[in-house]
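When a ligand or atom number is given, it counts from 1 through the structure's own listing order. Because the structure is a prediction, the values reported are computed rather than measured.
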Amino acid sequence: MSSDKDRDSASSSGPEIATPTTSGPPSPQLTASQQYPAAPPSGENHHHILILLSLIYPATIVLGSLFSIISPIGQSASYFSRKNNIFNVLFVKIGWFWTTAAFLVHIANLRHPNATHARSKALIRWGLATLAWILVTQWFFGPPLMDRTFTGTGGACRPNYAVQPSSLAIKAERASTSAACKGAGGKWDGGHDLSGHAFMLTHASLFLWAETLPRLVDSMWRGTIGPRNISPLMAEWFGVHWFVWGILGLWWWMLLMTSVYFHTWPEKVSGWLVALFEWGILYAYMIPLNPQARQWFGTPTV
Ligand SMILES: CCCCCCCC/C=C\CCCCCCCC(=O)SCCNC(=O)CCNC(=O)[C@H](O)C(C)(C)COP(=O)(O)O
Ligand SMILES: Nc1ncnc2c1ncn2[C@@H]1O[C@H](COP(=O)(O)O)[C@@H](OP(=O)(O)O)[C@H]1O
């Protein structure tokens, strides 16, 4: 485990907190953030909090799946069991767009002393997360990894000759992606159909947690340990955090709904496992443990 002094300058220089030399009430000349001496949680603590937060997602998949097995409510239809529910269509189906938008709002509001440098490193980390999302769900030198997994495990697009015109049935038979299969009216059938929703919702949530946690912890620390100066705290929440929290909350709920209503156990678990890959390498391993990686990719900051 690295110490804070290892971290690059962009990452370790959070807002500076004055250490008092005397006891008694804080000096009135100091600003609110300077009056309270205890150091804000360090990067190392962020790392531990992040690992704990990441457990929300397997727990959600286990809970939702158990619920669908044992509860009659889990098996009955609800608004959220419909693929065309508004949250699925308007949000999850373009989930990387919303995740990117929340992330951009966050980095636009960075108050790091060298915000331009911190932003450019954050954009590199976003690029890596985007690349992982593209490779798994959109394109991997042809069909994306999730479709290659499906066909590699015996799945195929099955045409329905009884109801499809033969031109479309031939198109379906040749389809190598789930999107092409769906477009040709075929049935994507027989293989391991890794849950794109379990992947995308977990991947996007872990990315947002990793990027925004230092700012979030910093805001909470100021709000609870510092003076109860409600209006700057409110400005911080409504200016910066609301979008990220809204998206994180919605992604969690939609993952729960995917776990209750869609896919088999192994398909949800594989979606979650694949989502850990890029996040685990970058945020759980390289950034906390490798100073060279911190030079290249920076560290999420306030
Ligand atoms: C070292 C630096 C490396 C840099 C690498 C850069 C790589 C970036 C390259 C290009 C970036 C272009 C992409 C920009 C996107 C930014 C804005 C957007 O995100 S627009 C895309 C919106 N689309 C989505 O969000 C689609 C999300 N949905 C899905 O992925 C799927 O519907 C699903 C997986 C959730 C479900 O699949 P389904 O088949 O069951 O429907
Ligand atoms: N939480 C959710 N709400 C609505 N539909 C969901 C859902 N989770 C998964 N689905 C739907 O279940 C199918 C399989 O999802 P995935 O493989 O991405 O996990 C997809 O159907 P469509 O592809 O017909 O839209 C997807 O829209």
Side-chain angles (χ1 to χ4, degrees), residues 56-69 71 73-99 132-140 143-160 163-164 168 171-172 175-208 246-277:
I56 293 173
Y57 300 96
T60 303
I61 291 175
V62 169
L63 272 180
S65 305
L66 280 177
F67 187 70
S68 73
I69 295 165
S71 160
I73 301 168
Q75 290 149 10
S76 67
S78 87
Y79 180 68
F80 287 99
S81 69
R82 287 161 46 179
K83 290 179 177 181
N84 66 352
N85 82 67
I86 196 147
F87 300 98
N88 194 40
V89 175
L90 285 187
F91 290 93
V92 185
K93 283 285 186 176
I94 49 166
W96 198 250
F97 167 78
W98 288 113
T99 303
W133 163 69
I134 290 174
L135 297 177
V136 175
T137 68
Q138 312 292 310
W139 173 89
F140 183 81
L145 280 170
M146 61 186 214
D147 290 348
R148 287 181 184 276
T149 309
F150 179 78
T151 49
T153 51
C157 185
R158 316 251 182 251
N160 187 345
V163 295
Q164 276 176 303
L168 217 52
K171 225 174 157 185
S176 60
T177 66
S178 65
C181 180
K182 205 168 153 191
K187 190 169 185 306
W188 198 233
D189 191 34
H192 178 86
D193 187 15
L194 181 149
S195 167
H197 274 55
F199 165 78
M200 216 277 301
L201 295 170
T202 309
H203 175 65
S205 302
L206 291 176
F207 167 72
L208 283 179
I247 294 295
L248 279 171
L250 183 59
W251 284 179
W252 175 78
W253 175 254
M254 294 306 278
L255 180 65
L256 184 66
M257 294 302 104
T258 299
S259 306
V260 173
Y261 294 115
F262 300 92
H263 282 285
T264 62
W265 264 89
E267 289 167 349
K268 285 173 278 198
V269 170
S270 59
W272 164 72
L273 274 177
V274 175
L276 288 184
F277 194 70

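- With a heavy-atom cut-off of 4.0 Å, Thr258 touches ligand 2 through backbone and side chain alike.
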Run the side chain to side chain donor-acceptor pair (under 3.5 Å) test on Trp252 and Thr60 for me, step by step, so that the C-alpha distance in whole Å, both residues' side-chain angles and the decisive distance to 0.1 Å come before the verdict. CA-CA 8 Å; Trp252 175 78; Thr60 303; 2.8 Å; yes

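- The ligand atoms of ligand 2 that sit less than 4.0 angstrom from a heavy atom of Asn85 are 3 (N), 4 (C).
- Nearest residue to atom 24 (O) of ligand 2 from Lys182, Met257, Met200 is Lys182 (criterion: closest heavy atom).
- For Tyr57 and Trp272, the gap between ring centers reaches or exceeds 6.0 Å.
- Considering backbone and side-chain atoms alike, Ala198 places every N or O at 3.5 Å or more from each N or O of ligand 2.
- By the side-chain hydrogen bond (donor to acceptor under 3.5 Å, both in side chains) test, Thr177 is found to be paired with no residue, residues two or more places apart in sequence or in another chain being considered.
- Aromatic rings from Trp253 and Phe80 are positioned such that their centres are separated by under 6.0 Å.
- In summary, of the residues considered (Phe87, Trp251, Trp98), a side chain to side chain contact (heavy atoms under 4.5 Å, CB included) with Val92 occurs for Trp251 alone.
- Short contacts between ligand 2 and Met254, defined as distances under 4.0 Å to a heavy atom of the residue, involve ligand atoms 1 (N), 3 (N).
- Looking only at side-chain heavy atoms (C-beta outward), Trp139 and Pro144 stay at 4.5 Å or farther from each other.
- Between Asp193 and ligand 2, a contact under 3.5 Å exists for no N or O pair.
- Near Gly196, with a cut-off below 4.0 Å to any heavy atom, the atoms of ligand 2 are 16 (P), 17 (O), 18 (O), 19 (O).
- Of all atoms in ligand 2, listed by their number and element, those nearer than 4.0 Å to a heavy atom of Arg82 are 4 (C).
- Side-chain atoms of Thr99 do not come within 3.5 Å of backbone N or O of Ala204 as any donor-acceptor pair.
- An N or O contact shorter than 3.5 Å links Ser195 to ligand 2 by distance.
- In summary, the atoms of ligand 2 found under 4.0 Å from a heavy atom of Lys93, numbered by their order in the structure, are 22 (P), 23 (O), 25 (O), 27 (O).
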